[in-house]
Amino acid sequence: MGGEKDSRPQEPRPRRRGQGELETQVLTVLGGAGEPVTAAWVQERLDGGLSYSTVITILTRLLGKQAVTRTGSGRPVLWQSTANGAGLTAFRMRRLLDQRDDRDAVLSSFVSALSPDDEELLRSLLGESGSGPAADESES
């Protein structure tokens with residue numbers, strides 16, 4: 001009894017989601033809605049059978065990150081996306097950067113780890129915003 005092993009086949013454990021994966025899924029669902037929707041509406045469209053309370057928790061976290069808005073003081077509360085997955089990732093990057101005293105070193109390490117294509121894209125984006133090297137050259 002004490003030393004016997006259970007001979008029943010073990011069900012595989014569900015894959016653990018990556019950090020922020022659920023938030024991105026919720027933002028994707030909200031982005032496709034086109035209008036404010038209820039948390040129940042979001043829950044119905046998410047894969048994975050998440051509980052209603054989990055969906056509310058995710059929406060509340062996104063609200064704190066200003067990635068969604070919440071309307072209605074009574075019932076039903078309606079939710080709407082203000083950011084997409086890229087916007088949420090950018091928010092996380094800024095938050096991590098804001099937590100560091102050595103911003104220059106962090107940004108330098110980030111840029112030096114980029115692929116040549118990503119570095120060129122970043123230079124182009126900075127040039128378009130008027131705050132990068134391309135903008136400095138055009139002012140000369």
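Nothing here was measured: the structure is a model prediction, and the numbers come from that model.
The hydrophobic clustering, which links ILVMFWY residues whose side-chain heavy atoms are closer than 4.5 Å, places Leu78 and Leu62 apart. Hydrophobic clustering places Leu27 together with Leu63 (ILVMFWY residues linked when any side-chain heavy atoms are closer than 4.5 Å, directly or through intermediates).
With Ser112 contributing its side chain and Ser108 its backbone, the two residues share a donor-acceptor pair below 3.5 Å. Although no hydrogens or angles enter the test, the distance criterion places a donor-acceptor pair under 3.5 Å between the side chain of Ser109 and the main chain of Ala105. No side-chain donor-acceptor contact under 3.5 Å links Thr82 to the backbone of Thr69. Under the 3.5 Å distance criterion, the side-chain polar atoms of Arg100 are left unmatched by any main-chain donor or acceptor of Leu96.
When all heavy atoms of Ser81 and Leu30 are compared, the closest pair comes out as CB-CB, 3.7 Å. Nearest heavy atoms, Tyr52 versus Gln43: N-NE2, 3.2 Å. Here the closest heavy-atom approach between residue Trp41 and residue Ala33 is recorded as CH2-CB, 3.5 Å. Closest non-hydrogen pair, Val29 versus Arg45, comes out as CG1-CB, 3.9 Å.
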Run the numbers on Thr38 and Val77 for side chain to side chain contact (heavy atoms under 4.5 Å, CB included), then give the verdict.
CA-CA 6 Å; Thr38 65; Val77 172; over 6 Å; no
Could you go through Thr28 and Gln25, starting from their C-alpha distance and side-chain angles, then the distance that decides it, and tell me whether this counts as side chain to side chain contact (heavy atoms under 4.5 Å, CB included)?
CA-CA 5 Å; Thr28 300; Gln25 289 175 359; 5.6 Å; no
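At most 12 heavy atoms of other shown residues, nucleotides or ligands fall within 6.0 angstrom of atom CD in Gln66. Counting non-hydrogen atoms of neighbouring residues, nucleotides and ligands closer than 6.0 angstrom, the CG atom of Asp98 exceeds 12 such neighbours.
Tested against Val42 for a side-chain contact (heavy atoms from CB on, under 4.5 Å), the candidates Val68, Ile56, Val55, Ile58 yield a single pass: Val55.
Inter-residue side-chain proximity for Leu121 and Leu125 is flagged as met; some heavy-atom pair is nearer than 4.5 Å. Contact check for Arg103 versus Val106: no side-chain heavy atoms found under the 4.5 Å cut-off. The shortest distance between side-chain heavy atoms of Leu122 and Asp118 does not fall below 4.5 Å.
In this structure, CG on Leu97 lies 9.5 Å from CD on Gln99, to the nearest 0.5 angstrom.
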